[in-house]
Every structure is written in C-alpha cells, then in structure tokens.
Amino acid sequence: MAPAALTEDHGAEPCDLVTVPARQGLEAVDILRRGADQEAVGPVLHDGACDTLGFLVPPGTAEAWDVPGSACTQTDGRGLRVPAEPPVTGSGWLLPPGEDAPVTDPAALRAALDQAARLIEAADSCR
C-alpha cells in the first residue's frame, strides 16, 4: 500500500505508514486492542483488495524501522497526514482516526507484529 494520493491538510498530524500483510496486521490489531494500553493502536488502513493493512505511525519512524515482512514509508512530515478521509487512493479505514490516539506507537506496533508473526507461525505449523 503506497501513499499514492497524499493529502495536503496542513492542520492535520503528519505521519509515516507501516504496511504489513493483512493476516499479520489483523492479529496485531487484536493484540494491541487487548493490551493493557488499549489506546496504543491508532488509525489503520486497509487496501481495496484487503491484502495489506497500513498503520499510521509518528513521522521519522521509517528511519529505524526494520521489522521483517513489513515496510515503513517515510514522509518526512510532508503530504501524508492523519485526515478524516483515507490518504491512499482505493483504501478505507479499518480503524478510523480518533482524537485520543492519532497514531500507533512504533514500539507497541513492533511488539504486536512480532507476537502476531509467532502466533501465525504456530497456527500454520498445526495444519
């Protein structure tokens, strides 16, 4: 999910975008929402085909992002911002932006994605 159509709303919060396969992303959303800090998950996009999910994270996250199986699009605070409408053409909100959690904490997302990958691996090995 590449940011094809970026908004230019300068009153909105800038962010980077972490994309992951939908299966791992859905597990991560569940993990984050069940955690002690349920506000840890911010807006989450899905692509039109529901192949990938995109987590909005603070600007600059891409500089140190190294989670296997995911990508982080660096925006340098330009263009991609937390808007009311999905910033990527052909996408929609799985979790829309909220007032209290504008973006997902990168450390919490990293931990949730790692745990989701282990869960998926365990489930797949039971087949």
Trainee: What are the two closest non-hydrogen atoms of P21 and G69, and how far apart are they?
Mentor: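 Closest pair (atom of P21, atom of G69, distance): CD-O, 3.3 Å.
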Trainee: Stepwise, does the side chain to side chain contact (heavy atoms under 4.5 Å, CB included) test hold for D105 with L109?
Mentor: CA-CA 6 Å; D105 176 79; L109 179 58; over 6 Å; no
Trainee: Side chain to side chain contact (heavy atoms under 4.5 Å, CB included), that's the test. Do L26 and L94 meet it? Break it down for me.
Mentor: CA-CA 9 Å; L26 290 170; L94 177 67; 3.8 Å; yes
Trainee: First locate atom SG of C50, then atom CZ of R23, and finally report the distance between them rounded to the nearest 0.5 Å.
Mentor: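 C50 SG to R23 CZ: 15.5 Å, rounded to 0.5 Å.
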Trainee: Taking all atoms of both residues into account, what is the closest heavy-atom pair of A108 and L32, and its distance?
Mentor: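 Distance-wise, the nearest heavy atoms are O-CD2, 3.6 Å.
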Trainee: Does the side chain of R110 reach to within under 4.5 Å of the side chain of D66, using non-hydrogen atoms?
Mentor: yes
Trainee: Go through it in stages, so that I can follow the logic: the residues are D16 and T73, the test is side chain to side chain contact (heavy atoms under 4.5 Å, CB included), and I'd like the CA-CA distance, side-chain angles, deciding distance and then a yes or no.
Mentor: CA-CA 6 Å; D16 286 355; T73 303; over 6 Å; no
Trainee: Please enumerate all residues that pass side chain to side chain contact (heavy atoms under 4.5 Å, CB included) together with L95, with sequence neighbours excluded.
Mentor: V29, R33, V41, V44
Trainee: Return the minimal non-hydrogen interatomic distance between A116 and A28, and the atom names on each side.
Mentor: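 Of all heavy-atom pairs spanning A116 and A28, the closest is CB-N, 3.9 Å.
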Trainee: Do P58 and P106 have side chains that get closer than 4.5 Å, going by heavy atoms?
Mentor: yes
Trainee: Has the side chain of Q24 got a donor or acceptor atom that lies under 3.5 Å from a matching backbone atom of L113?
Mentor: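 A pair under 3.5 Å: yes.
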Trainee: Could you report the tightest heavy-atom contact between L17 and V57, atom names first, then the distance?
Mentor: N-CG2, 4.3 Å
Trainee: Taking all non-hydrogen atoms of both residues into account, name the closest pair between G25 and F55 and its distance.
Mentor: O-CZ, 3.6 Å
Trainee: Among side-chain atoms of S91 and D47, is any donor-acceptor pair under 3.5 angstrom?
Mentor: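 Not at all, the side chains of S91 and D47 share no donor-acceptor pair under 3.5 Å.
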Trainee: Dump the intermediate steps for side chain to side chain contact (heavy atoms under 4.5 Å, CB included) on L119 and I31, then the final yes or no.
Mentor: CA-CA 11 Å; L119 289 169; I31 291 164; 4.0 Å; yes
Trainee: Between L53 and V18, is any pair of side-chain heavy atoms under 4.5 Å apart?
Mentor: no
Trainee: Can you give me the closest heavy-atom contact between W65 and A71, atom names plus distance?
Mentor: CD1-C, 4.3 Å
